[in-house]
Protein chains: 2
Amino acid sequence: MKKELTEKQEKVLEFIRKFHTNNAMMPTVREIAKNFKLSIGSVQQHLRALLSKGFLVKRGSLSRGIDFPNRKTFSQVPVLGTVHAGTFLEQIEDASDYIYINTDITRNKQCFALKVKGDSMEPSGIVEGDTIVVSKGEQPSNGDIVVALVDNESAVKMFFKEKGKIFLKSTNPKYPTLSSDDYDIDVVGKLIYLVRQYKG
Amino acid sequence: MKKELTEKQEKVLEFIRKFHTNNAMMPTVREIAKNFKLSIGSVQQHLRALLSKGFLVKRGSLSRGIDFPNRKTFSQVPVLGTVHAGTFLEQIEDASDYIYINTDITRNKQCFALKVKGDSMEPSGIVEGDTIVVSKGEQPSNGDIVVALVDNESAVKMFFKEKGKIFLKSTNPKYPTLSSDDYDIDVVGKLIYLVRQYKG
DNA sequence: TATTATAATATACATTTGTATTTTAGTCAA
DNA sequence: TTGACTAAAATACAAATGTATATTATAATA
């Protein structure tokens, strides 16, 4: 349980958050002072309070050397194309867009993102327009959702392996389950993340 | 088309990218120099090249004052609690977690995030465990998905307004549509974003 | 009452940081 | 050869920045 902040401390912290959001770096003591028309010493005291109460941490005596506790870091993941609408591997070179996701999700995996078309996975919460993040070359377990090339067409399916055979199941029952007996199946990667933007 | 970088310039830029990812701020000239065991002057020249070739831009003569062109910025959105599992507004004070999303999505709206419980919105792609981002106090249109307090219980529903009455519909047909005739309905905000993490 | 926490100011100082200058060297092309 | 670009080093200086100290004032509290 965090200690409570005073009104002014709350405002200072809020300013730091916003500054960090807009500038991707922390403000200096004097930048904070200027914003609130305060003296340097006053800001120092507010920062000291925020530090001792655990709302900020320090990184040595560097410039702009305050930080949020447990601040998350990001990986740039390229959006390579659209899945279940044809091939996408050609487009690897010119990733026109990137999405940013926490490094604790991507870890050290090699990832890329795809836009989803179609309704074959709707019952498991994947709908048209979603952006999915795929971790490349990971061994999927039964029940994992994967991106696969099925006779060179890309698809998002649920993965099953039984007696050496691979099955790709759509959770939408109107699509058939594909078997490695009938198709050339190449699992590209495993779903690790999904984002969806609602138009405002 | 960007001008080409030399091998060394590429490496310096790559270091700056990584440094920024890990520390949420740009490195100083001397931090770069230390990493490559170079002199300050050498780093200055590399930076000058990266600037003139358009891979970096400057923000005045500030400390750590280099930036990526078109860098995306993030908002910290507090995760306040769980929705459709009771009230969550009490927990506003101690947001234990944050998610970070692009400011071009949050714009200047006041936002917060909630974890989803239950299956009442499964057919529209919202499943248990998802984290939804809600924009506070925005006027919803018919068909928008909203977070509302229904007799002080929180819920995620599809919003409709007709002849002054509010209707909250679950896309899952096994739940009834709620009407403002029968319940005290308070729309808290509108869904603008959703993220889902698949366990690896 | 004395104490503590908050809030604010003013000032000084040491360190960090950006910037400018000069010099040396190698490579490549006109 | 000359010129241009890249690479690197060494040094100096000004500006930015973090930090320490002293002082005043107010409100809440034991």
Side-chain angles (χ1 to χ4, degrees), chain A residues 1-69 71, chain B residues 1-20 22-69 71 93:
Chain A
M1 184 71 167
K2 293 234 172 135
K3 288 177 200 164
E4 274 185 18
L5 292 180
T6 66
E7 211 174 316
K8 204 58 192 280
Q9 288 164 1
E10 187 69 56
K11 276 183 184 166
V12 170
L13 183 59
E14 196 45 48
F15 171 75
I16 296 173
R17 283 223 183 85
K18 269 192 191 154
F19 189 100
H20 181 254
T21 296
N22 294 328
N23 304 290
M25 64 182 179
M26 292 298 180
T28 64
V29 178
R30 283 165 183 82
E31 280 163 348
I32 302 171
K34 194 179 173 192
N35 177 265
F36 290 100
K37 295 195 211 306
L38 282 177
S39 65
I40 301 169
S42 300
V43 174
Q44 280 180 291
Q45 275 177 98
H46 290 309
L47 290 180
R48 221 170 295 152
L50 288 167
L51 287 164
S52 74
K53 291 180 183 176
F55 289 82
L56 292 174
V57 294
K58 283 242 52 168
R59 323 183 246 203
S61 162
L62 301 174
S63 69
R64 307 178 184 282
I66 51 176
D67 200 355
F68 300 116
R71 178 183 43 77
Chain B
M1 186 66 169
K2 294 239 171 128
K3 287 176 198 164
E4 274 185 17
L5 292 181
T6 66
E7 208 173 319
K8 203 59 191 280
Q9 288 163 1
E10 188 70 57
K11 276 182 185 168
V12 171
L13 183 59
E14 195 45 48
F15 171 75
I16 295 173
R17 283 223 184 84
K18 270 191 191 157
F19 190 100
H20 181 254
N22 294 327
N23 304 290
M25 64 182 180
M26 292 298 182
T28 65
V29 178
R30 284 164 183 83
E31 280 164 348
I32 301 171
K34 193 180 173 192
N35 177 265
F36 290 101
K37 294 194 212 305
L38 282 177
S39 66
I40 300 168
S42 300
V43 174
Q44 280 180 290
Q45 276 178 98
H46 290 308
L47 290 181
R48 222 169 294 154
L50 288 167
L51 287 165
S52 74
K53 290 179 183 175
F55 289 83
L56 291 176
V57 293
K58 281 243 54 169
R59 328 183 243 203
S61 163
L62 301 174
S63 69
R64 308 180 182 282
I66 51 177
D67 200 356
F68 300 116
R71 174 184 43 80
E93 299 311 320

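Quick caveat, the model's predicted, so the values are computed rather than measured. The sequence lines fix the lettering, A, B, ..., with proteins before strands; numbering per chain opens at 1.
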With sequence neighbours excluded, what pairs up with A:T21 under the side chain to side chain contact (heavy atoms under 4.5 Å, CB included) test? B:S75, B:T103
Indicate for each nucleotide in nucleotides 16-30 of chain C, in 5' to 3' sequence, whether protein heavy atoms under 4.0 Å reach the base (B), only the sugar-phosphate (S), or nothing (-). SBBBB----------
Sorted by chain and number, sequence neighbours left out, side chain to side chain donor-acceptor pair (under 3.5 Å) with A:R71 holds for A:D67
Please list, chain by chain and in numerical order, all residues satisfying ring-ring contact (aromatic ring centres under 6.0 Å, His included) with B:H46, sequence neighbours excluded. none
For A:S42, which contact category applies under a 4.0 Å heavy-atom criterion: base, sugar-phosphate, or nothing? base
Contacts of B:R48 meeting side chain to side chain contact (heavy atoms under 4.5 Å, CB included) (sequence neighbours excluded), chain-then-number -> B:Q44, B:Q45
If the condition is salt bridge (Lys or Arg N to Asp or Glu O under 4.0 Å), which residues does B:E14 pass it with, not counting sequence neighbours? B:R17
Earliest and latest nucleotide of DNA chain D, 5' to 3', sitting under 4.0 Å from a non-hydrogen atom of chain A? D:dT17 to D:dA20
Kindly state each residue pair satisfying salt bridge (Lys or Arg N to Asp or Glu O under 4.0 Å) with at least one member in residues 33-43 of chain A, sequence neighbours excluded. none
For B:F15, give me all partners under ring-ring contact (aromatic ring centres under 6.0 Å, His included), at least two apart in sequence or on another chain. B:F19, B:F36
To the nearest 0.5 Å, tell me how far A:L47 CG sits from A:L56 CG. 7.0 Å
